[in-house]
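Here's the structure, in structure tokens; my notes come after.
Residue numbers start from 1 in every chain, and the chains themselves are labelled A, B, ... in the order their sequence lines are given, proteins ahead of strands.
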Amino acid sequence: MAAIEHSKPKKRRAFGEVPGLGALAIAFMMFLYLPILVLVVYSFNAGNIVMVWTGFSTDWYARAFANEDIRKAAINSLVVATSATAIATTCATLAALALARGGSFKGKGATVGVITLPLMVPEIVTAVAMLVFFSNIGLNFGLGNVILAHVTFCIPFAFMPIRARLDGMDTTLEQASRDLYASDWETFRLVTLPQLMPGVLAGAMLSFVISMDDFIITLMVAGAGDTTLPVYIYSMIRQGITPEINAVSSILLLFSIVLVTAYWFVTRTKPDGKNR
Amino acid sequence: MSVAQAAALPIAERARAAVELDNVEKTYGTGKSAVKALKGVSFDIADNEFFTLLGPSGCGKTTLLRALAWFESVTAGTIRLFGEDIVDVPTYKRSINTVFQHYSLFPHMSVAENVAYGLKRLKKSKSEIEATVADMLELVKMTDFAGRLPAQLSGGQQQRVALARALAPHPKVLLLDEPLSALDLKLRQSMRQELKQIQARTGITFIFVTHDQDEALSMSDRVAVMSAGYVQQVGTPNEIYEHPANRFVAGFVGDANFIDAQITSPVGDTVTCRTKGGAVLQADARNLLEGQRDVTLFLRPEKVKLAKVGAATVDGEITDIQYLGNSTMMQIDIGEAEPLVVTEPLGEVDQRLRQVGDRVGVILSPSALQILVE
Ligand SMILES: Nc1ncnc2c1ncn2[C@@H]1O[C@H](COP(=O)(O)OP(=O)(O)O)[C@@H](O)[C@H]1O
Ligand SMILES: [Mg+2]
């Protein structure tokens with residue numbers, strides 16, 4: 001009888017498993033998120049020297065809220081983001097509907113390309129182009145200029161989740177609606193739109209976050225009184241970093257996290273109403 | 001085409017025809033990629049009839065339903081609904097409702113809201129809508145589920161809701177596209193009965209689509225057998241099963257044996273013919289064309305009786321036995337091109353005594369052997 005070998009079975013590596021990847025991933029995450037964590041922690045620092053911890057306080061938040069300029073910039077940001085989102089989402093919804101349900105027309109593929117192209121164009125190019133264009137035609141609506149600029153780069157962000165949702169939607173639902181004596185408008189209002197809503201919401205949230213966080217384009221097209229929060233923060237930094245900036249940045253961060261989380265929940269449901 | 005003429009209803013019935021199809025054609029696409037899905041489809045469907053479109057997948061059944069519901073325009077021909085041409089009447093003005101193949105319930109509406117949908121669009125009064133929804137849910141035994149969403153229902157329950165939703169506006173014609181195909185066998189069989197009862201109770205004309213011959217035979221008043229865009233035969237289940245118009249219908253509606261033979265005697269009620277294998281058989285002469293010599297004989301497996309060797313029409317050897325529960329299916333080599341398929345109901349003989357390799361006598365009675373129209 002052959003001797004039974006008692007050697008330990010070799011641990012087999014799963015396909016794609018690379019030695020040391022775990023440690024590398026952790027290092028990468030730290031590099032990415034540690035500065036942000038530090039920023040948030042120091043926004044609660046009692047002292048006014050940025051990197052020296054002297055105790056916990058929410059003083060800087062109170063100060064930031066009391067600062068008239070910050071308040072004004074925040075309101076500008078909200079006004080711009082809300083208007084740009086509303087306009088961009090409406091345009092994107094109509095475009096997606098026309099492309100998915102409007103029958104075939106010449107240049108359909110190219111149309112999708114043109115709608116999503118701004119994602120690929122370097123932001124500084126768009127920014128300069130807009131600045132030159134606005135000043136050439138003498139467009140001067142103050143905050144209106146900023147909103148218009150934001151609409152243009154928000155459309156592709158709003159468009160993509162809406163189109164994805166439409167592609168996954170069952171067209172026989174619309175047929176069933178027409179079969180049950182609904183007019184085209186009723187079918188849209190009662191069947192298509194409610195089904196599409198998660199896509200529209202997702203598109204709106206994405207474009208809101210993108211608009212809130214935009215810096216380069218806003219910096220170029222915004223006039224003196226039309227500063228948004230990111231641009232204001234930048235101008236504050238040039239006068240030296242204070243914990244007040246940390247506080248404002250933290251608020252902006254919280255805002256983004258909330259929206260992205262909401263986005264995640266909204267896109268989790270599939271068109272048939274079940275969770276993924 | 002003689003089949004199309006045979007499909008027309010008698011004059012008195014015609015007045016009550018719910019649906020009349022006249023030379024309906026449908027081509028998808030153009031040029032090289034064109035697909036002819038319907039070719040010269042003509043037949044009538046009587047009011048209050050349970051009418052079935054039967055055919056293999058891809059033969060054009062759904063296309064015909066879609067033409068009736070106006071989801072698809074036809075390329076040629078006319079469709080009349082109770083005498084009125086509907087080719088140009090949009091969907092939402094036709095008194096036709098559809099039960100879709102995959103139910104297509106509105107996922108964001110409750111069962112009751114789904115059923116009420118059509119009634120609301122027709123601007124019925126609130127009290128009428130409530131009463132009708134209650135009636136319909138009762139009819140399909142879904143009253144307890146009124147508040148649920150479709151995702152919270154089983155396939156069979158969704159099917160019932162889809163039926164209630166389509167019946168609620170009380171259409172003149174109800175279209176059902178393979179409504180039972182997604183259900184399991186037991187459920188399918190009980191739904192067959194229920195659908196038949198609902199049709200009888202409501203008096204609505206049902207146009208039912210299926211690729212399952214058992215479904216077609218067991219439920220329908222009349223059946224149209226389709227293949228490759230053509231209507232092959234329209235008739236009662238008995239007519240299409242006992243007297244199929246051609247080889248396709250004979251083979252598609254139930255199992256069939258085909259035997260090639262030559263006529264050897266003058267024509268009477270029966271004719272004598274000699275098969276390729278040399279057997280001499282008596283066959284029913286009713287479908288024989290004048291001057292026709294080469295024929296295909298057609299025979300249902302359950303019409304064959306077995307006997308002792310030498311005491312029957314021909315002798316053969318059992319080459320295969322399949323136990324089917326309530327019957328046994330055998331292949332018997334009688335020296336023809338194809339072995340004969342024979343089913344024997346259980347209980348008449350002790351089938352355990354039959355074995356592959358046994359020699360048996362096969363009784364082929366003249367009334368069961370029919371000449372097939374090619
Ligand atoms: N929208 C369409 N475009 C092109 N061809 C189609 C379309 N719908 C159906 N067909 C073709 O028409 C034929 C009949 O299809 P269908 O009516 O769906 O058959 P069935 O319902 O009997 O399975 C098939 O060959 C199918 O490929
Ligand atoms: Mg089909």
Side-chain angles (χ1 to χ4, degrees), chain A residues 89 93 96-97 100-106 108-109 161-204 262 265-276, chain B residues 29-30 62 65-66 68-72 89-110 113-124 129 132 136 148-153 158 161-171 173-177:
Chain A
T89 309
T93 306
L97 276 171
R101 296 285 190 275
S104 66
F105 57 90
K106 224 177 152 187
K108 193 166 172 171
I162 296 172
R163 184 176 157 82
R165 180 83 186 179
L166 256 181
D167 283 347
M169 261 167 61
D170 187 359
T171 51
T172 61
L173 286 182
E174 285 152 20
Q175 279 173 16
S177 169
R178 253 173 284 147
D179 187 70
L180 291 162
Y181 315 107
S183 64
D184 286 351
W185 168 242
E186 285 172 321
T187 297
F188 175 73
R189 193 166 52 87
L190 299 169
V191 176
T192 314
L193 197 58
Q195 289 291 103
L196 191 59
M197 219 48 211
V200 174
L201 269 179
F265 274 109
V266 165
T267 50
R268 221 166 47 126
T269 53
K270 278 198 293 187
D272 61 5
K274 289 180 190 118
N275 275 0
R276 255 192 208 137
Chain B
T30 49
T62 299
L65 279 201
R66 290 171 60 83
L68 283 170
W70 191 231
F71 299 131
E72 209 81 69
V89 181
T91 302
Y92 63 89
K93 291 196 178 147
R94 295 182 182 184
S95 186
I96 297 182
N97 287 127
T98 309
V99 177
F100 290 84
Q101 194 160 359
H102 303 288
Y103 321 141
S104 298
L105 297 174
F106 304 124
H108 54 295
M109 296 182 201
S110 70
E113 283 167 343
N114 264 283
V115 178
Y117 192 87
L119 298 165
K120 282 188 188 156
R121 303 291 83 72
L122 289 173
K123 309 270 188 300
K124 301 281 185 207
I129 292 174
T132 312
M136 288 300 137
R148 294 234 195 143
L149 288 174
Q152 299 166 322
L153 300 177
Q158 290 186 38
V161 178
L163 186 63
R165 182 179 72 174
L167 283 170
H170 205 87
V173 178
L174 188 74
L175 310 176
L176 303 101
D177 193 357

**Fill in**
Smallest heavy-atom separation, I162(A) atom then T93(A) atom, equals CD1-OG1, 3.4 Å

**Prompt:** Do D179(A) side-chain atoms and N97(B) backbone N/O form a donor-acceptor pair below 3.5 Å?
**Reply:** no

**Message:** Closer than 3.5 angstrom, by distance alone: can the side chain of Q158(B) be matched with the main-chain N or O of L153(B) as a donor-acceptor pair?
**Reply:** yes

**Prompt:** Which bit of L119(B) comes within less than 4.5 Å of chain A, counting heavy atoms only: side chain, backbone, both or neither?
**Reply:** neither

**Prompt:** What part of F100(B) lies closer than 4.5 angstrom to a heavy atom of chain A: side chain, backbone, both or neither?
**Reply:** side chain

**Request:** Identify whether NZ of Lys or CZ of Arg in R121(B) sits under 6.0 Å from the centre of the six-membered ring of Y117(B) and within 45° of that ring's axis.
**Result:** yes

**Prompt:** By a 4.5 Å heavy-atom criterion (distance strictly below it), what part of R165(B) contacts chain A: side chain, backbone, both, or neither?
**Reply:** both

